[in-house]
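Written below as structure tokens is the structure these notes are about.
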There are 2 protein chains.
Amino acid sequence: MQKKTRDSQATKAKIIHTSMMLFSTNGYDATTADEIAKACGINKAMIFYYYKNKVGLYGAVLSHALESIHEEVISKDKEYLHPLEDLETFIKTYALYCEKHPYLPALLLRELSNSGAYLPDVMFDSMRKLFALLSKILKEGERQKLFFNVEPMLIHFMIVGTINLFITTKPLREKSSKIENEIDTCCDCDMEYVADYIFTKVKLMLGVKPT
Amino acid sequence: MQKKTRDSQATKAKIIHTSMMLFSTNGYDATTADEIAKACGINKAMIFYYYKNKVGLYGAVLSHALESIHEEVISKDKEYLHPLEDLETFIKTYALYCEKHPYLPALLLRELSNSGAYLPDVMFDSMRKLFALLSKILKEGERQKLFFNVEPMLIHFMIVGTINLFITTKPLREKSSKIENEIDTCCDCDMEYVADYIFTKVKLMLGVKPT
DNA sequence: ACATTTATTAACTATATGGTTAATTATAAA
DNA sequence: TTTATAATTAACCATATAGTTAATAAATGT
């Protein structure tokens with residue numbers, strides 16, 4: 001009889017990554033503990049050994065998805081004195097972050113469509129900080145007379161919402177394009193192109209003068 | 001003993017409206033047949049008397065939410081020869097439609113974040129048609145040299161996504177604004193203002209020349 | 001008035017769900 | 001080597017879930 005080895009770190013990591021994928025794909029309610037356990041190849045009780053309950057696991061998953069967002073997108077104590085460059089950095093860094101953490105957009109959008117039903121504080125905090133960052137950049141741009149008629153919340157939805165939707169709707173867009181390919185649903189667009197496009201369009205709508 | 005009266009139309013309508021609210025608020029998976037029955041004040045078996053199953057009821061709810069979208073937003077056989085006016089009409093009519101059918105944005109966004117897991121054909125069709133309409137307007141504007149550098153799918157996300165997110169995030173935005181009111185989360189913006197703002201900004205990003 | 005149809009009811013069913021428990025076993029510490 | 005600790009297991013549990021069934025009763029048809 002083969003002796004089984006134990007690696008608590010590996011087990012815990014497998015739970016997190018597998019849960020992230022399942023929560024992202026199926027949503028919180030449709031993802032069961034049994035399903036996660038089966039997908040991990042572990043006994044279900046392990047989940048409750050490492051996490052207090054399902055919602056606790058969900059919180060851990062979201063924390064993990066957002067763990068680097070502070071360093072990569074929200075740079076602490078940084079001064080935002082160059083709004084145009086900062087705006088470009090914001091858009092492209094967020095887009096890149098989503099590409100590297102492909103389960104985040106669906107998780108985020110679900111909470112945004114759900115009025116935050118299961119939204120842990122850590123995620124609410126990150127979302128608020130993300131918005132605060134963009135808001136600061138936009139306000140600085142307005143102060144410097146580079147940007148005009150700024151409404152940060154709506155600009156935020158246009159940038160972050162669009163990036164998220166671009167990612168989450170990929171299967172639907174491909175399905176649509178199979179039915180009729182007269183309509184261009186951006187199936188061949190890559191994230192870099194989309195980020196560039198958004199930046200270009202946001203500059204226009206902010207009234208940025210051509211240099 | 002008071003005799004009970006029956007009104008099948010009223011019962012059916014109550015199931016639809018109550019389900020719409022619950023599916024919108026809680027999502028499909030977290031909304032139970034028992035809960036719907038209780039909220040309607042009917043016996044649960046009535047739901048399965050009128051609808052084959054839960055997913056069938058969901059489909060009926062979505063059909064109901066979208067039933068007027070064809071007449072009000074997507075006008076059949078109409079010519080789109082005035083892209084600027086047509087664009088304005090599209091944005092404002094969609095915004096108004098969402099205001100009159102407040103449960104639609106959450107239902108829509110959930111499906112968009114879900115890769116359409118429970119998406120009935122009727123809704124997929126409506127979504128495709130809605131996008132096709134905007135696409136047509138944008139392409140005509142490009143043809144007439146009124147609009148420039150058009151990417152219909154991304155513009156669609158910026159318009160429709162933003163309107164949907166504005167509605168679904170209202171509680172979260174209010175919650176955020178209570179924590180710190182230094183950040184403006186558009187809590188006092190009404191739908192008309194938002195629609196106007198979006199139209200103004202979309203004109204700019206399409207490169208519309210001032211008249 | 002009686003027969004038929006339809007809407008409603010209470011109770012039931014098989015299965016699923018989040019979580020628990022006690023035993024077992026691999027690993028680390030003494 | 002023995003003891004203690006931590007990770008894992010199989011089985012269990014109370015409750016919930018989507019749906020079913022047969023009986024009942026209101027409404028309609030003859």
Side-chain angles (χ1 to χ4, degrees), chain A residues 1-63 107 110 114 117-120, chain B residues 1-62 64 107 110 114 117-120:
Chain A
M1 184 50 135
Q2 184 82 349
K3 282 196 197 284
K4 306 197 173 182
T5 58
R6 298 177 179 186
D7 185 345
S8 62
Q9 297 267 62
T11 302
K12 208 174 174 183
K14 191 180 291 190
I15 295 173
I16 280 274
H17 290 117
T18 305
S19 299
M20 191 184 306
M21 182 197 69
L22 291 170
F23 283 139
S24 173
T25 307
N26 305 325
Y28 176 83
D29 296 300
T31 301
T32 66
D34 274 307
E35 190 180 3
I36 294 167
K38 192 169 179 182
C40 290
I42 61 168
N43 187 285
K44 182 174 66 167
M46 296 310 302
I47 294 170
F48 299 99
Y49 179 77
Y50 288 112
Y51 303 96
K52 184 177 175 186
N53 48 36
K54 187 179 170 186
V55 78
L57 171 60
Y58 188 65
V61 161
L62 293 179
S63 291
L107 292 168
R110 271 212 189 77
N114 227 23
Y118 305 107
L119 192 64
Chain B
M1 185 50 134
Q2 183 82 352
K3 282 196 197 286
K4 304 199 173 179
T5 58
R6 298 177 177 186
D7 185 344
S8 62
Q9 299 266 59
T11 302
K12 208 173 174 183
K14 190 180 291 189
I15 295 173
I16 282 273
H17 290 118
T18 305
S19 300
M20 190 183 308
M21 182 196 71
L22 291 171
F23 283 138
S24 174
T25 306
N26 304 326
Y28 176 84
D29 296 298
T31 300
T32 65
D34 273 306
E35 191 181 3
I36 295 168
K38 191 168 180 183
C40 290
I42 62 169
N43 188 284
K44 183 174 63 167
M46 296 311 301
I47 294 168
F48 299 98
Y49 179 78
Y50 289 111
Y51 303 97
K52 184 177 177 187
N53 47 38
K54 188 179 167 185
V55 78
L57 171 60
Y58 188 64
V61 161
L62 293 180
H64 185 83
L107 292 168
R110 271 211 190 77
N114 228 22
Y118 305 108
L119 192 62

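- Distance from the side chain of B/A45 is smallest for C/dA10 among the nucleotides C/dA10, D/dG19, D/dT9.
- In this structure, B/D7 and B/K54 both approach DNA chain D, and ranking their closest nucleotides by distance from the 5' end singles out B/K54.
- For the atom pair CG of A/N26 and CZ of A/R110, the computed distance is 7.5 Å after rounding to the nearest 0.5 Å.
- Spacing between atom CD1 of A/I42 and atom P of D/dA7 amounts to 13 Å, rounded to whole angstrom units.
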Check: Does the side chain to side chain contact (heavy atoms under 4.5 Å, CB included) test come out yes or no for B/Y28 and A/D29, once each step is laid out?
Finding: CA-CA 9 Å; B/Y28 176 84; A/D29 296 300; over 6 Å; no
Item checked: DNA chain D base-pair string [pairs: Watson-Crick or G-U under 3.5 Å; |: paired with another strand] -> ||||||||||||||||||||||||||||||
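- One donor-acceptor pair, N or O on each side, does fall under 3.5 Å between the base of C/dG18 and the side chain of A/K44.
- Rounded to a whole Å, the CD1 atom of A/I47 is 12 Å from the P atom of D/dT8.
- The heavy-atom pair separating A/P120 from A/G59 by the smallest distance is CG-CA, 4.0 Å.
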Checklist line | side chain to side chain contact (heavy atoms under 4.5 Å, CB included) evaluation trace for A/I36 with A/K54 | finding: CA-CA 10 Å; A/I36 294 167; A/K54 187 179 170 186; 5.9 Å; no
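- Checked by atom type and distance alone, the side chain of A/T31 pairs as donor or acceptor with a backbone atom of A/L22 at under 3.5 Å.
- In this structure, CG on B/L107 lies 9.0 Å from OG1 on B/T25, to the nearest 0.5 angstrom.
- At least one side-chain nitrogen or oxygen of A/Y50 sits closer than 4.0 Å to the OP1 or OP2 atom of D/dT8.
- The CZ-P distance, from B/R6 to C/dT6, rounds to 12 Å in whole Å.
- The shortest distance between the side-chain N/O atoms of B/T5 and the OP1/OP2 oxygens of D/dA26 is not below 4.0 Å.
- Remark: P of D/dT9 and OH of A/Y49 are 12 Å apart, rounded to the nearest angstrom.
- Contact between the side-chain N/O atoms of B/N43 and the OP1/OP2 oxygens of C/dT8 is not found at any separation under 4.0 Å.
- Atom P of nucleotide C/dT8 and atom NZ of B/K14 are separated by 10 Å, given to the nearest angstrom.
- Nucleotide D/dT17 holds its P atom 11 Å from the NZ atom of B/K38, rounded to whole Å.
- Map A/K52 and B/M46 each onto its nearest nucleotide of DNA chain C; the residue landing nearer the 5' end is B/M46.
- Residues B/M20 and B/H64 are in side-chain contact: their nearest non-hydrogen atoms beyond the backbone lie under 4.5 Å apart.
- Near DNA chain C, meaning a heavy atom under 4.0 Å from it, residues 15-37 of chain A has A/T31, A/T32, A/A33 in order of number.
- Between A/L57 and A/N53 there is no side-chain heavy-atom pair separated by less than 4.5 Å.
- Using the six-membered ring where Trp is involved, A/Y58 and A/F23 have ring planes that are perpendicular, over 60° apart on the 30 and 60° scheme.
- Rounded to a whole Å, the CZ atom of A/F48 is 18 Å from the P atom of C/dA22.
- A straight line from CG of A/L57 to C1' of C/dG18 spans 12 Å, rounded to a whole angstrom.
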Result block: side-chain N/O donor-acceptor pairs under 3.5 angstrom for residues 37-52 of chain A, not counting sequence neighbours:
| from | atom 1 | to | atom 2 | distance (Å) |
| --- | --- | --- | --- | --- |
| A/N43 | OD1 | A/A45 | N | 3.0 |
| A/K44 | NZ | A/D34 | OD2 | 3.4 |

